[in-house]
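Letters A, B, ... are given to chains in the order of the sequence lines, protein chains preceding strands, and every chain is numbered from 1.
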Protein chains: 2
Amino acid sequence: MNSTTTGRAAQSGSSGHRAERSDAVRNRGKLLEAAAEVFAERGTEASIAEIAERAGVGKGTVFRHFATKEDLLASIVIDLVDGLAGTARRLAQDDDASSSLYDFMATGVELLVRDRAFCEVVGEPSLADDRLRSAIARLVDQVQVLVSRAVEQGVIRPDLTGTDVVLLLAGVQQTAQPLLTAHPDLWRRYLRLVVDGMRFNGDPLPALPAPPGGLTDDLERWRA
Amino acid sequence: MNSTTTGRAAQSGSSGHRAERSDAVRNRGKLLEAAAEVFAERGTEASIAEIAERAGVGKGTVFRHFATKEDLLASIVIDLVDGLAGTARRLAQDDDASSSLYDFMATGVELLVRDRAFCEVVGEPSLADDRLRSAIARLVDQVQVLVSRAVEQGVIRPDLTGTDVVLLLAGVQQTAQPLLTAHPDLWRRYLRLVVDGMRFNGDPLPALPAPPGGLTDDLERWRA
DNA sequence: CACTAAACGGACCGACTGGTCCGCTTGTGC
DNA sequence: GCACAAGCGGACCAGTCGGTCCGTTTAGTG
C-alpha cells in the first residue's frame, strides 16, 4: 500500500490551522487497510459497516475521512492502479520486450484475481471518478511503452496498443473466474493463450478506432 | 425465447385439479418477457418491482409464478444457455470446423454483450442453481463437439476443450466491456485475437486439470 | 347467471444500506 | 494540568429491497 495518494487530508499550509491529530492519522491508516481487505474479498458491495468494524472504528469515522463510499473505494483502487503502473515502469527497464510485457500482464492478472473490487471497478467504467480515470490513463501510458517496444522488436502484432493490453487483463481474469476457487492458477492458461494471440501472424485485427484525443486528454485516453 | 422450460407451472396430470387459468398463462408470458428485457438492460440487480411494472402486473403476481427472484432469473438465463447450446448443435452440421467454431463464439459473445444479467450469472458461478448448472453442462457438451472436430481437422491447438471455449466467451466480452458503449463492436477485435491464440502453434498451454468427473457428472463438468 | 376457486395487486413487513447528527472523549498547545 | 477544538462512535434517518398477506376481481363451469 503506497498511501501517499491517500486522502484529502491535512489541507494545511495556508492559514495556520492546527496540525492533524495523531489518532486521526492512525485511524485513516487502519481504515484504508481494512477497506482494501474487505473490498478485495467481498467486492464493491461490501458495506461500510463491515469495513468500519474490521478497522475497529465507528461508522461515523469512515465518513469523516472519506466523503462517500465511492470516494473510499476510489482511493483504494487508484492506489492499486498506480502500483501496477509502477510495475510497468520498472519492467520497461528490462531489455527483453517480450518477457517484460508478459511479466507485466501476469502481475496485472494476478492482482485482479486476488481483488474482487478491483475487477469490478476497472471492468465497469460507470464508477467514473475523475481521479480514477486519470490513474488509468497513466497506467495505459506506461503500458504503451512496453507495447511499443515489443512492436519495435517484432514480438507482437503491430496494431496492438496499451489500451488493448490493459483491457485484456480483465478479460483473462474473467475467463478464469468461474473456476477460480477450484483452480486458482487457471488464469495462467488463458493468459498464455491470449499472449499467443498477441504475436504477429498476418491478418490485422478488426480496427480499434484511431485514438481521438491528444496525449493529455485523460478522459478520451481510456477510450482511445 | 423458447419458454417451454418456463416454470413449475401446471403440475397437472395426477389428481384432476382444475386446469390453469388463461390469465395466469398470459401473465407468466408477459412476466418472462419483461424480466428478460429488464435483466438484460440492468443486470441481476434489477428490482422485482421494475419487472412487475414493465409486465403490467402487480408484485404479488411475480411471486406466485416464481418462488424467488433467483428462480425467475435462473429460468431466463437457462433459456439463454439452452438457446446457445442449440446454436452450437446447429453449427455442428456445418463441414468447416474452423468457421463453425468461430461463428459459435461470435454468437455467444454477442449474446453476452447484449445481456448484462447473462454476463453476471455465467461469469460468477455463486448463483449456483442446479438447473442452471446442468444447462451449462449441456452447453459445454455441445461445444465440445465443435472443439473436437476442430482439433481433428488441425485448425486449433489440441489441448483445448469445450469448457475453455465457453469460458473464453465471457472473457472476450469482459475485455471489451469498459468501452462497450463507445464502441459496440469492439468485441470482434478481441474475439479475433483470442481465436488466433487458439490456433495451434507449438507450446502447449499450462495445464487445465484433467476432467475429473464422468460425462454424467454435471456438477463436476463445469469444473472439468 | 350464479357460484367458486384461482388469480390478482398493492399495502405492508423486516432487513439492510449509505449517510447524518450530536453528545462524549481525547490529543494537543499553552 | 487546563481548555478546547478535533476526533470519535453509534443511535438514528430515509430509501430500497425481496418477500408476504389478504381483501378484491375474474375466469371458468353447470
Using nucleotides 10-17 of chain C, report all nitrogen or oxygen pairs with the protein that are shorter than 3.5 Å.
unit_1	atom_1	unit_2	atom_2	d
dG10(C)	O6	G60(B)	N	3.4

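- Across the protein-nucleic acid pair, E53(B) atom CD and dG18(D) atom C1' stand 17 Å apart, rounded to whole Å.
- Within the 4.5 Å cutoff, the side chain of L112(A) has heavy atoms near those of the V122(A) side chain.
- For R116(B), the side chain to side chain contact (heavy atoms under 4.5 Å, CB included) partners are E120(B), not counting sequence neighbours.
- Regarding E50(B), its CD atom lies at a distance of 13 Å from the C1' atom of dT16(D), rounded to whole Å.
- The distance from atom NE2 of H65(B) to atom C1' of dA7(C) is 8 Å, rounded to the nearest whole Å.
- One interatomic measurement links the two molecules: CZ of F63(B) to C1' of dC22(D), which rounds to 17 Å at whole-angstrom precision.
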Result block: side-chain N/O donor-acceptor pairs under 3.5 angstrom for residues 45-58 of chain B, not counting sequence neighbours:
unit_1	atom_1	unit_2	atom_2	d
S47(B)	OG	E50(B)	N	3.1
E50(B)	OE1	R42(B)	NE	3.1
E50(B)	OE2	R42(B)	NE	2.9
E50(B)	OE2	R42(B)	NH2	3.3
R54(B)	NH1	E37(B)	OE1	2.9
R54(B)	NH1	E41(B)	OE2	3.1
R54(B)	NH2	E41(B)	OE1	3.1

- Task: Report the C-alpha distance between E20(B) and R28(B) in whole Å, list the side-chain angles of each, state the deciding distance to 0.1 Å, and finish with yes or no for side-chain contact (heavy atoms from CB on, under 4.5 Å).
- Result: CA-CA 11 Å; E20(B) 200 181 16; R28(B) 188 168 53 244; 2.9 Å; yes
- Item | Sugar-phosphate or base contact per nucleotide [nucleotides 23-30 of chain C; S, B, -; heavy atom under 4.0 Å] | ---BBS--
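- In this structure, the side chain to side chain contact (heavy atoms under 4.5 Å, CB included) partners of R114(B), at least two apart in sequence or on a different chain, are E110(B).
- With rounding to the nearest 0.5 angstrom, the CD atom of E70(B) is 10.5 Å from the CG atom of L72(B).
- One interatomic measurement links the two molecules: CD1 of I51(B) to P of dG19(D), which rounds to 11 Å at whole-angstrom precision.
- The side chain of N27(B) places no N or O atom within less than 4.0 Å of a non-bridging phosphate oxygen (OP1 or OP2) of dA7(C).
- Residues W187(A) and T175(A) have side chains not in contact (no heavy-atom distance under 4.5 Å, counting atoms from C-beta outward).
- Contacts of D103(A) classified as side chain to side chain contact (heavy atoms under 4.5 Å, CB included), with partners at least two apart in sequence or in another chain: L91(A).
- Atom-to-atom, NZ of K30(A) to C1' of dG9(D) comes out at 12 Å; the value is rounded to the nearest Å.
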